[in-house]
**Q** 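Structure provided below as C-alpha cells; questions to follow.
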Amino acid sequence: MKRYDAKTIEAKWQERWDRDGTFRVDIKKAERPFFNLMMFPYPSGEGLHVGHVYAFGGADTFGRLKRMQGYNVFEPMGFDSFGIHSENYAIKVGKHPRELIQETTSYFRERQMKRLGALFDWDHEVITSQPNYYKWTQWLFIQLFKAGLAVRKKAPVDWCPSCKTVLADEQVIGGKCERCQSQVIEKELEQWFLKTTDYAEKLLSNLDKIDWSETTKTMQKNWIGKSEGLQIKFSLEVPRQEDKKHLVEVFTTRADTLFGATFVVVSPEVAKSWIDLGWKAPKEVADYITKSLKVDQQDRTAEKREKTGVFTEVFAINSGNKKEIPVWVADYVLGSYGTGAIMAVPAHDSRDYEFAKKYNLEIVEVIIGGDVSKEAYIGEGKLVNSGEFDGLDSKEGIKKISEYIEENQLGKRTVNYHLRDWLISRQRYWGPPIPMIFCDKCAKDGKSANKDMTGWFPVPEKDLPVELPYLKNYQPKGTGVSPLATVPEFLSVKCPECGSLAKRETDVSDTFLDSSWYFLRYPSTRSARSGQVPFDSDITKKWLPVDSYIGGNEHAVLHLLYARFITMALHDIGYLDFEEPFKKFRAHGLVIHEGAKMSKSRGNVVNPNEFMDSYGADTLRIYLLFLGPYEQGGDFSDRAIAGVYRFLNRVWSLVQEIADNTSTATPSLEMERALNLLIKKVGEDLENLKFNTAIAAMMEFLNMMNEKKDELNKELAKKFVLLLSPLAPHISEELWEVLGEKFSVHHQLWPSYKTKFLEEDKVTIVIQVNGRFRDKLEAPKGISKEDVARLALDRPKVKVYTKKGQIKKSIWIEGRLLNLVTGG
RNA sequence: GGGCAAGUGGCGGAACUGGUAUACGCGUAGGUCUCAAAAACCUAUGGUGGCAACACCUUGUGGGUUCGACUCCCACCUUGCCCACCA
C-alpha cells in the first residue's frame with residue numbers, strides 16, 4: 001500500500017485540474033450562477049499569510065459545496081496591488097513598485113495560492129495596478145464627478161506626516177495613521193471628496209435588508225453614527241459684523257436639558273469663521289483660536305487632557321429661559337460634528353461639568369436623579385427649573401421642548417451623522433491619477449463642467465487611462481502634492497474645454513477606490529466588450545450582486561462601506577440595477593499564534609508554505625477550519641496540526657484497504673444510519689460555515705468505520721470521500737481514483753441522505769429523578785409513558801432514589817425522557 | 001465612557017427549539033510493536049472521596065424562573081474586538 005504523500009499527490013492533481021480546466025465556468029452560458037467572492041489580497045513582500053489560507057480555505061470549501069449542489073460557481077481571485085501599502089513596502093526594500101508588484105504577485109499566485117487547491121479562476125484575474133483596470137477606476141471617478149458625487153472642497157483633513165499624504169476619516173484609527181501608526185495632523189486643505197454623506201441614510205437603513213454578519217452591521221451602524229436631535233438658535237450679542245442675524249446654532253440630543261444650559265461653547269473652527277467674517281476678537285481669544293487650530297487632532301482629543309478654553313466676552317440668549325449666558329471657545333468642542341457649537345449643560349454632561357468646575361461657571365440642575373454637587377447626572381428623570389416644562393420626564397421633555405423651539409422658529413429637529421465624506425486624494429505616486437484637469441483660462445471665464453468647481457474638467461473618456469508615468473524618484477515629497485507634480489510632461493495638458501494650456505490633477509486616488517468595485521469587474525474581464533466598458537451589462541445581470549462574500553472584519557468600515565456606497569451611486573447613475581453589492585457577507589475570525597495577533601515584530605508569524613511542505617495543503621486547510629468556530633478564529637498550534645494529519649492518514653489507509661478488499665460486505669443498519677446522519681450534518685454545517693463541527697463529525701465517523709471494518713464497502717467509502725472533498729480536495733481526488741472511479745470527484749453531486757435511515761425503531765429514554773439523570777433504557781419506538789414508568793421503577797438505580805419519597809408527578813417527553821418527581 | 005462578542009477539563013473546543021455536560025482533536029499516563037527510538041496502534045484521562053461497586057461536586061460569581069438551566073431572566077466580575085471630549 002502506498003504511503004500518503006501529500007506533496008506529490010497535491011502537485012499532481014493541481015496540474016491535472018489546471019490542464020483540464022476542471023473548475024472553469026462558462027460565464028455566458030452558466031445556468032445556475034453562484035458568485036463566490038473572497039477579499040483579494042494585497043501582494044505584500046512577506047508572502048501569503050496563514051490568515052489568508054484561513055479566509056480562502058473556508059470560502060473555497062463553501063464554494064465547493066455550492067458546486068456539488070449543482071451551481072456554476074465562479075470564484076475569482078486577484079490582487080489589490082495599487083496604493084500606499086504596496087508603495088510603502090517598495091520604499092522600504094528600495095525597489096520600484098512596478099517591478100516589485102510583478103515579483104510579488106507572481107510569487108503569491110504561482111508559489112502559494114495555486115498550492116491551496118482552490119477553485120480560483122485565474123482567467124478572470126484582476127490586478128488593480130494594471131492600466132486596463134485602473135482605466136475604469138478613473139472612469140468611475142468621472143461618473144461620480146458628473147453626478148456631483150465627487151467634489152473638490154476645502155476642509156479640515158487628516159495629514160499623515162510619515163506617509164506624507166492626507167487620509168480618509170476611516171483610515172485614521174484612534175488619531176493614528178492606519179498604515180504606519182504615526183499621529184495625524186489636522187490641516188485645512190482643498191481636496192477631492194466622494195460624497196458618502198449623501199448616502200448616510202441609505203447606507204444605514206439598507207443594513208436591515210442584507211444578510212450580513214451582525215458584528216459587521218453593528219460596526220457600520222456605529223460608524224455612520226446617526227443621532228437625532230435638535231438644532232437650536234441662540235441669539236448672540238454682536239460678535240459678527242457682517243452677519244446681521246447674530247446667532248449661534250447649537251446641536252443637542254438632550255433638548256430636555258435646555259434650561260440647564262448655562263453657557264455656550266463654540267469650537268475654535270467656528271470662532272475662526274467669525275473672525276473671518278469680521279469679528280474683532282479680543283487678543284487672548286484670537287491667540288487661543290490660532291493656537292488650538294495648530295494642535296494635532298490626537299492631542300486635542302486625548303482623554304486625560306485637561307479642558308482649556310477662553311471667554312469670548314460675548315453673550316448669548318438661552319432660547320429656553322431667555323437668560324443671558326456667556327460664550328466660550330474651547331477645543332473640546334469639535335468643529336466637525338454637528339454645528340461645531342454646543343449649549344453646555346454642566347449639571348447633566350460630564351464634559352461640561354468638568355469645564356464649569358474649572359472655570360467657575362454656573363451649574364443648574366434641571367433633571368432630577370443625581371447629586372449635582374458631586375458630579376454630572378447624565379441619566380433621565382423629571383424636569384425641574386424648566387419653567388412650564390417642570391414635572392415632565394425626559395422623554396416628554398425632549399418632545400415638548402422640541403415642539404416649542406420649532407413653533408417659535410428658534411430651531412429645528414435635525415439628524416446628525418458621524419460619517420464624513422470620503423477623502424480620496426493622496427499625495428502619492430502609486431495609485432490611479434485622478435483624471436481631472438484644471439484650466440486657468442476657463443476658471444477666469446467662469447466655465448466649469450460642474451457647478452461650484454470652476455475651471456475643473458474631467459479627462460475625456462476616450463483619453464483614459466491617464467497612465468501613471470514611470471517615475472524613478474517616486475517617493476512622497478511632503479510638499480502637499482504628489483511626486484507626479486514634478487513631471488512637466490505629465491502636468492501640462494490641453495484643456496478639454498478651450499484647448500489652451502491647462503494642468504492635470506497630480507494626486508492619485510485612495511487605494512480603497514480601486515477595491516470598491518473590483519467584484520464588478522471580475523466576471524467581465526474576458527468579455528468582448530471589456531475594453532469598452534468596465535462591466536458588461538448582460539454578464540453583470542447574470543452574476544451580480546455577489547452571492548456570498550467572506551472576509552475579515554477589519555474592513556467593516558473601510559472597504560465594505562465604500563463598496564456599498566459605490567454600488568449605490570452606480571445604481572442611481574443608472575449603471576446597475578441593484579443597490580447592495582453583497583447579498584450575504586460573513587466575517588471570519590482572526591487566526592492568532594501564541595495568544596497574540598501575528599506580527600513580525602512579535603516574531604510569531606506562521607508561514608503557510610512551511611506547513612504545506614510538511615503536511616500538505618489539505619491538512620493545513622482542515623486544521624485551520626478545525627480550530628474553532630469560523631467567525632471566531634483561533635490560536636494556531638504547531639502541535640495540534642498533527643492530529644489532522646493523522647486523520648487524513650487514517651482516511652488514506654482505510655480507503656486503500658476497502659479498495660483492495662474484494663469481499664462484498666454490507667453495512668449494518670446502524671452504520672447506514674450513521675452515514676445518513678453524517679451526510680445531513682456535514683451538508684448543513686458547511687452551508688452555515690460551521691466547519692469545525694463538520695470535521696469533528698467526519699472524524700467520529702471514521703472512528704466508527706475503523707471499529708467495524710467488516711461492514712465497509714466501496715459505496716460507503718465513496719460517500720465518505722465525497723463529503724471530504726470540499727474540505728480536502730486533493731486527497732479526495734486521489735482516493736476517488738483509488739476507488740476505481742473516473743475523474744473527477746469534483747464533478748460529482750453532493751450525496752443525498754435517506755430520511756428512512758435517520759429514524760430508528762428503538763429509542764433511548766433518559767430517566768431522571770427530580771431532574772437529575774439516573775438511568776437510561778432502550779425501548780421500542782412509540783412506547784407509552786406508562787410502560788416506561790413501569791420499566792423505570794424496576795431499575796435498581798432508580799429505586800434507590802424513588803423509595804425516599806412518594807412519586808408526586810412525572811414529566812414525559814415523548815420518546816426521549818421521563819422525569820419522576822418525588823415529594824419530600 | 002459607549003457599542004458588540006465571549007467566559008465550559010491541563011489546552012483548542014462540542015452540546016438540537018431548556019432534557020444523558022465535557023463530542024472531536026491536542027496533551028498526558030500506561031501498554032503493544034522494536035535491539036532501541038520515532039512513527040503507528042490499543043487503553044485510560046473533569047474534580048474529590050473510596051480497594052471497589054459507587055457517591056458527591058462541577059459550565060466566571062451571586063440570585064431568580066422551572067419537574068429540570070451551559071442554554072432563559074436580573075445583578076456583578078473578567079477577557080477580547082470596535083468606536084470614542086459625537087454634545
Side-chain angles (χ1 to χ4, degrees), chain A residues 173-175 213-223 225-227 229-230 250-254 257 261 265 267 300-305 307 330-334 336-345 348-352 354-355 378 416-419 553-554 556-557 589-590 592 595 597 622-623 626-629 631-644 646-647 649-650 653 681 684 690 692-703 706 764-776 797 800 808-813 816-822:
Chain A
I173 315 288
S213 290
E214 281 306 316
T215 50
T216 317
K217 286 208 238 180
T218 309
M219 281 164 78
Q220 288 210 351
K221 200 179 261 175
N222 292 343
W223 185 259
K226 180 179 184 175
S227 64
L230 192 62
V250 298
F251 175 75
T252 181
T253 54
R254 289 296 299 272
T257 63
V265 187
S267 58
R300 211 177 128 178
T301 56
E303 201 177 345
K304 282 181 191 139
R305 184 165 171 269
K307 295 185 174 29
D331 61 10
Y332 81 90
V333 171
L334 305 174
S336 52
Y337 186 75
T339 58
I342 60 154
M343 59 173 210
V345 186
H348 305 293
D349 182 286
S350 28
R351 295 154 299 181
D352 300 343
E354 190 193 322
F355 194 75
I378 53 174
N416 255 299
Y417 298 93
H418 164 263
L419 182 73
N553 245 350
E554 67 272 17
V557 295
L590 205 65
I592 57 171
K597 195 172 164 175
I622 295 190
Y623 171 66
F626 187 55
L627 277 180
E631 293 95 301
Q632 267 172 49
D635 201 330
F636 189 95
S637 142
D638 322 25
R639 251 179 169 180
I641 190 168
V644 171
R646 250 172 248 159
F647 164 66
N649 266 293
R650 270 178 269 192
S653 26
K681 176 157 180 71
E684 287 170 359
K690 290 159 91 176
N692 55 331
T693 49
I695 295 162
M698 302 276 301
M699 289 174 167
E700 234 172 311
F701 188 77
L702 178 74
N703 292 344
N706 267 319
T764 305
I765 311 261
V766 169
I767 310 297
Q768 294 183 342
V769 180
N770 294 327
R772 299 200 48 173
F773 170 79
R774 293 304 174 192
D775 204 357
K776 59 183 176 184
K797 285 183 187 171
V800 177
K808 267 202 327 207
K809 64 171 175 174
S810 53
I811 282 99
W812 169 243
I813 309 288
R816 290 176 75 177
L817 174 138
L818 181 73
N819 185 12
L820 302 166
V821 185
T822 65

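A quick note: this is a predicted structure, and the numbers were derived from the prediction, not measured.
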**Q** 5'-most contact on RNA chain B: A:T252 or A:M219, nearest heavy atom basis?
**A**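 With A:T252 and A:M219 compared, the 5'-side residue is A:M219.
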**Q** Measure distances between side-chain N and O atoms of A:Q768 and base N and O atoms of B:G68, and say whether any donor-acceptor pair falls under 3.5 Å.
**A** no
**Q** Measure from the side-chain heavy atoms of A:R772 and tell me the nearest of B:U28, B:C57, B:C83.
**A** B:C57
**Q** Can you name the atoms? Protein N/O to nucleotides 12-17 of chain B N/O, anything below 3.5 Å, with the distance.
**A**
residue : atom : partner : partner atom : Å
B:G12   : O2'  : A:L627  : O            : 2.8
B:A14   : OP1  : A:N692  : ND2          : 3.0
B:C16   : N4   : A:R816  : NH2          : 3.3

**Q** Contact between A:T693 and A:K681 at the side-chain level, heavy atoms closer than 4.5 Å - yes or no?
**A**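 The answer is yes; the side chains approach within 4.5 Å.
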**Q** Please tell me which of the listed nucleotides, B:C86, B:C4, B:A40, lies nearest to the side chain of A:T215?
**A** B:C4
**Q** Out of B:C24, B:A21, B:G19, which has the shortest distance to the side chain of A:I813?
**A**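 Looking only at heavy atoms from C-beta outward on A:I813, the closest nucleotide is B:G19.
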**Q** Output the pairing pattern of RNA chain B as a dot-bracket string, 5' first, Watson-Crick or G-U wobble with both distances under 3.5 Å, | for cross-strand pairs, [ ] for crossing pairs.
**A** (((((((..(((......[....)))((((((.......))))))((((....))))..(((((..]....))))))))))))....
**Q** Name the closest nucleotide to the A:L817 side chain, picking from B:U28, B:A87, B:G19.
**A** B:G19
**Q** So which nucleotide from B:C85, B:C41, B:G68 ends up closest to the side chain of A:N819?
**A** B:G68
**Q** From the options B:A87, B:A84, B:G3, select the nucleotide whose nearest atom is closest to the side chain of A:H418.
**A**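 So the side chain of A:H418 is nearest to B:A84.
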**Q** Rounded to whole angstrom, note down the P distance from B:U78 over to B:G27.
**A** 35 Å
**Q** Looking at B:G19, B:A21, B:C26, which one has an atom nearest to any side-chain atom of A:A640?
**A** B:C26
**Q** Which comes earlier along RNA chain B counting from the 5' end, the contact point of A:G643 or that of A:K776, where each point is its nearest nucleotide?
**A** A:K776
**Q** Check this for me, if you would: do A:K217 and A:E214 make a salt bridge, where the nitrogen-to-carboxylate-oxygen distance has to be below 4.0 angstrom?
**A** yes
**Q** Looking at B:C86, B:C83, B:A87, which one has an atom nearest to any side-chain atom of A:W223?
**A** B:C83
**Q** With a 4.0 Å cut-off on heavy atoms, is A:L590 in touch with a base, just the backbone sugar-phosphate, or nothing at all?
**A**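 Counting heavy atoms under 4.0 Å across all strands, no contact is made by A:L590.
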**Q** Nearest 0.5 Å, what's the OH-OG distance between A:Y417 and A:S227?
**A**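 One gets 9.5 Å once the value is rounded to the nearest 0.5 Å.
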**Q** Using a 4.0 Å heavy-atom cut-off, does A:N703 contact any base of the nucleic acid, only the sugar-phosphate backbone, or nothing at all?
**A** sugar-phosphate
**Q** Is it the case that A:S213 and A:N553 place a side-chain donor and acceptor less than 3.5 Å from each other?
**A** no
**Q** Which nucleotide, B:C85, B:C4, B:C26, lies nearest any side-chain atom of A:R646?
**A** B:C26
**Q** If you check every side-chain atom of A:I811, which of B:A87, B:G27, B:G19 has the closest atom?
**A**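 Nearest to the side chain of A:I811 among the choices is B:G19.
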**Q** Using the C1' atom as the point on both nucleotides, what is the distance between B:A15 and B:A21, in whole Å?
**A**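 To the nearest whole Å, 7 Å.
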**Q** Determine whether more than 12 heavy atoms belonging to other residues, nucleotides or ligands lie under 6.0 Å from atom CG of A:L702.
**A** yes
